[in-house]
Each structure stands twice: as C-alpha cells, then as structure tokens.
Amino acid sequence: MAEEKSLNFIEEIIEADLQSGKHQSIVTRFPPEPNGYLHLGHAKSICLNFGLSLKYGGYTNLRFDDTNPVTEETEYVESIKDDVRWLGFNWKNELYASDYFHHLYDFALLLIRKGLAYVDDSTSEEMAAQKGTPTTPGTNSPYRNRSVEENLKLFQDMKAGVYKDGEKVLRAKIDMAHINMLMRDPVLYRIKHAHHHRTGNEWCIYPMYDFAHGQSDSIEKVTHSICTLEFVPHRELYDWCIKNLEIYPSKQYEFARLNMTYTMMSKRKLLQLVNEKHVSGWDDPRMPTLSGVRRRGYTPEAIRDFCDRIGVAKRENLIDIGLLEFCVREHLNKVSQRRMVVFDPLKVVITNYENGKTELLPSENNPEQEGSGTREMPFSNTIFIERDDFMEVPPKKYFRLAPGQMVRLKSAYIIKCEEVIKDAGGNVVELRCTYLPESKSGQDTSGVHVKGVIHWVNAATALPVEVRLYDRLFRVEDLSTIEDDFRGYLNPESLKAVTAMAEPSMLRASASDRFQFLRMGYFCLDKDSTPQKLLFNRTVTLKDMWAKEQKK
RNA sequence: UGUCCUAUGGUGUAAUGGUAACACAGCAGAUUUUGAUUCUGCUUUUCUAGGUUCGAAUCCUAGUAGGACAACCA
C-alpha cells in the first residue's frame, strides 16, 4: 500500500485540467538562456518540468531563450545540454527562440496592423522618464500616434538595418497609466547589430523576452509554462500578447525559486566569480553549478532526491544546505566503495609483529551492498594512522589510541600503545605498540572488546595522493541579506589540499568510482587526476558525532 | 505612500471546513570491527485582530511582516 504523496499546487492545476478535459496530455518546457552554466536552482526547475510530463504523460522541450545575442554563446548551449542529460532527463525537441525569429517578426507586423504597436524614437532615458513610477502614471511618447503605414515602414527599415543600435524600438501600445508597469507600452523589439550564435548576421533586430517567450510557448503548444516568481507581473503581458495575436493560449504558472544557505545562485555573480578567478571555472567543485557539483562528486540521484524533498510552492524559501548534503550522503552510502586513506600520518611500529613480514588482510568493499566483495590490504609492523586518532592526554570518552590504551585497526588487529616517541621539539613522531595476535579480524579469539576502531595504511605500500577538501564558498548563511559586495564574504578556507597516504588498491581508481574513505568522507577522482599523481575531491564529509561532541 | 504575490516547528513541505503531520536539523538512547550506517524515543508549529460556521491552518475583512514591479536583460 503505497502512501499517497500529496500534490504541489502545480500538480493540482494539472490534475484539474486533465480531469476537466481541458488537456489530454501536457507539454512543458525548460527554457534556459544560454548565457551561463546551469546551477542547482535550474535543477529544481528541470526536475519540476521534466518530472511533470513524465508523471502526467506528454513531453518536455528544451528551448533556449536566445534573444540577446550579446551575452549568449554556444559553449553555454553545450554545457546546458550536458547538464540536463546528466541529471537524467530527455527532452522531446531541442528548440531555440531564434528558430521563431521570422514567425515573431510576423507577429510584430500583425500587432502593428492592429494598431497595437508602434515604432518609438525616444532614447532609453526618455522612455524611462515616460514610464512613471509604481505610484505615478506614465506619459505617452510623442511617437505613440504614428500611423499604421508609417509604423510598418519604420519597422521594416529597422529590420533592414537602416538604423543604428538604440535609435528606434518597437513598443506595444497598451496603456501608459496602467497599474502594472510592464503594461506601460513595453518594448517589443530593439536594434542590435550583433552576431547571433545561431542566426549569425541575419538579424539586426531582436525580440524582447516578453515578445518571445510566451509566443514560443504558444507555437510549441506548451500547456503549462512554469517559471519563477519574478515573472508574476509578466503574466498579464504574456496573456495580452496571446490574446491579441489570437494564438494558442499557453498558461503561465509561477513557483518560488530555490535559495540555499551559504550559496549564491545568480548567474551574473557566478560569472563574476569565474571571470575574476575566485574559482577555477564554472565547474570548480565549490560552485553550485551542476558541472561544479558533478565534479565534486554529487550524483544525479542525490540531486533529484533533493529537488523532490524541497517541494514546490509560492513562498520565498531558504533551504538548509545540510539537506542537500544529507541527500548526497544517503545515496553515496549505498553506492560507494570503502577505502582507507590516512590524511595526516603518524607512524606506528608494532614491536611484537615479525619484522619483514607482510600479510594480506581482506576488507569489505561496501557493507551496505551485498556481494560487493573484499579487497586485500597489506599489513606489516610499520603502519600509518591518523594523527587525530592518538592523544597523549585523552579527554574522557575518547576511545581511540592513547598511552596504555587499546584500539582496533579496522579489518586487522587490536593494538595497544606502549610508548610515545617524540622529537627534540616535543612533537610526537612515532608510536610503539604491541598487537594481539589472536585478535585478527574475522577470527578474533582474544576475548578483548575495544570500543575504538580506526583506519590505517601499511607504510611500505602506502600510495601518496592529493586530496582536496572543500568547504562552503561563502561565510554567511543568507546571501540575500548582504548589501555590499558579495565577494567580501567568500570563505578563504573553502579549499584545502593535503597529501594523504592511500591503500595501494587506490591505484585502480577510475573516474566513475565513488569512494568512502573510511571515517573521512566521500571522495571521487578529479578530472585533473593522472596515474602519476592521483587527485581526489572530497564530495562531502561523513557525519561526525565525535567532532560535534568536542565542540560543546 | 500604488499594484501583485506570500505568511504553518530552527529549515522546508503537507493537512483541500472535521484529532496539525512528514522530512531535515537538534536532543537522548540502542546496535555497530567506520564515533559512519541502521533502529528507538523526545523537544519544537498555524503572523495579529475581527467575522462566517456546530466546527477555521483552511473561507471573508482589516492590519502587520517579507518579497516582486520603474533594463532597448531573461
């Protein structure tokens, strides 16, 4: 008996539309502008749009909203397609607003003929002045009453390249006193003598968002056009265009965008971070971009689960980044292979273990996954353990290694610390321990029970690798509250690189592998890794109750 | 001194006029050869004031708070 998951408000609308017979199936679209890389906020929209057509039958188009040639590039188009596919969704049609430029031009001519659009010679400053304010009405442009014939001629000349950038625009003729600022004769077309990534130099006039988006939806017979809250005021114009063009009535619905703690999700600002080299690129593992989190090791499953859990509603929200990390851990726990890697090595010599002897000890690859098998770890009398796993003067409830205390080496033996060796500066440089021969993992007859279990690597076969430890990119929880330069809030400790000692099996790591370095976190191979120098990214840490306890 | 949108635990999201619930976070405990995982229990919630109703988180009115709107961006 599967429990019914409650519907979000958009699903309710769709179910009502399906039930009333208004629609038999639905068409949605994901409409990115190719002027940047996709981020987690887009993932929410992608999961929503594609998820809806999957759930209710129908399809989703990928449509690039490429009406501003000066900011758009094919590099972005390719990255967007990669990211959507990686997230696990398939679009029905790959479309571009620029596919409709001729169609849109004809729509503009129609509006002019209907007396609903006019060519305006006002400068942008003059137009801004005409616009009024939210509380005071605007004033009519002196060019507002040009004849249909004159407007037709002027608009055709605009298209023919007679005018320079900014010299003229085409505006809708609605109402300069309208309560909705967007309805005060909005600009429909502007002149840009710029090379377009797809249409080249064919056009020198380009439609504005409001004269491209809704029409594209309509041409594609999109039933439910889903966008974020900032477009609420645009809906009136969206509907006005459809009504006056007498075209298929797509409907727009708005939901609240994703905001996350310690994260900034503005394409403009992310671009700035890239351009100013605060990060290594759009796919820097600290970036909230899909290419960034992918490189970091997040899985599409985890991101889809996250999008599912955060829900869809109309109120502003600030999601705890901890929820994302929870989703990532939950998935990675099930799929990642366990390995032992020591980040900050402390040498341990086991004095009663035969010198020169090496034995191979099996260790499970993934206790969460049946049949995942074991790999063998070499063991000898000299090993490395984590420096943090020894304390000369331990606090209470510390059940790792301390003078006279015992601990189990994971998948190996129980050892007891007998002697602490220090250098001239008083730093601990080596531990002398004894082991319990009858405590071998899996065949322990020692009868000794220790609470602490630590990871280790055999010194002679340890493999040095580079590990990159990431922390949040920003130091403040709610980036929307900062008023000055956001760059002042970057976390200087967001990236730390360490050379760690890995068990020799890591030599066989491949790009698609997911690892849990025991007690340290989840890791994956970075794209810059080479066989000579393995490089790992920390995806996310493990939950650490002990660390939390210590902070109290 | 306008219009629109929104208001439920710390954070999100449900409850669709009939016992306010789920997840994350937090706290406590059990299990554990990862202080992980798993399991158990607990803390904490309807912005305010009126109204409609047998009954309101839900409907109505007003207030308050937050957000959006004055780009030839999307």
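In what follows, chains carry the letters A, B, and so on, assigned in the order in which the sequence lines appear, proteins first and then strands, with residues in each chain numbered from 1. Computed from heavy atoms alone, side chains included, the values below leave out hydrogens, waters and symmetry copies.
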Using whole Å, report how far [atom1] of [X] lies from [atom2] of [N].
X: Tyr262(A); N: rG10(B); atom1: OH; atom2: C1'; value: 13 Å
X: Met265(A); N: rA74(B); atom1: CE; atom2: C1'; value: 17 Å
X: Gln252(A); N: rC5(B); atom1: CD; atom2: P; value: 14 Å
X: Asn366(A); N: rA36(B); atom1: CG; atom2: P; value: 17 Å
X: Met545(A); N: rU32(B); atom1: CE; atom2: C1'; value: 14 Å
X: His193(A); N: rC72(B); atom1: NE2; atom2: C1'; value: 13 Å
X: Arg309(A); N: rA25(B); atom1: CZ; atom2: P; value: 9 Å

Margin query: Measuring only the P atom in each nucleotide, how far is rA30(B) from rU45(B)? A whole number of Å is fine.
Written below: 28 Å
Taking the minimum atom-to-atom distance to the side chain of [X], which one of [options] wins?
X: Lys192(A); options: rC69(B), rC27(B), rC73(B); result: rC73(B)
X: Ser124(A); options: rA36(B), rC72(B), rC5(B); result: rC72(B)
X: Asp65(A); options: rA74(B), rU33(B), rG35(B); result: rA74(B)
X: Met208(A); options: rA14(B), rC73(B), rG35(B); result: rC73(B)

Note to self: Is the positively charged end of Lys159(A) above the ring of Trp203(A), judged by distance under 6.0 angstrom from the centroid and angle within 45° of the axis?
What the structure shows: yes
Margin query: Categorize Arg338(A) for me: base, sugar-phosphate, or nothing, with a 4.0 angstrom heavy-atom threshold over every strand shown.
Written below: base
Are [X] and [N] close enough that a side-chain N or O sits under 4.0 Å from OP1 or OP2?
X: Thr135(A); N: rU3(B); value: no
X: Arg315(A); N: rU13(B); value: yes
X: Arg268(A); N: rA74(B); value: no
X: Lys548(A); N: rG35(B); value: no
X: Arg190(A); N: rA74(B); value: yes

Notebook entry, point to check: Applying the ring pair (Phe, Tyr, Trp, His ring centres under 6.0 Å) test to Phe536(A), which of Tyr522(A), Phe343(A), Phe517(A), Phe523(A) qualifies?
Noted result: Phe517(A)
Side-chain donor or acceptor of [X] under 3.5 Å from a matching atom on the base of [N]?
X: His234(A); N: rA74(B); value: yes
X: Lys451(A); N: rU33(B); value: no
X: Arg519(A); N: rU34(B); value: no

Centroid separation [X] to [Y] less than 6.0 Å:
X: Phe379(A); Y: Tyr435(A); result: no
X: Phe306(A); Y: Phe326(A); result: no
X: Tyr76(A); Y: His197(A); result: no

Checklist line | Partner nucleotide, any strand, of rA7(B) [Watson-Crick/G-U, under 3.5 Å] | finding: rU64(B)
Next item on the list: Check Asp99(A), Ile80(A), Asn35(A) against Phe64(A) for a side-chain contact (heavy atoms from CB on, under 4.5 Å) and give me the one that passes.
Entry: Ile80(A)
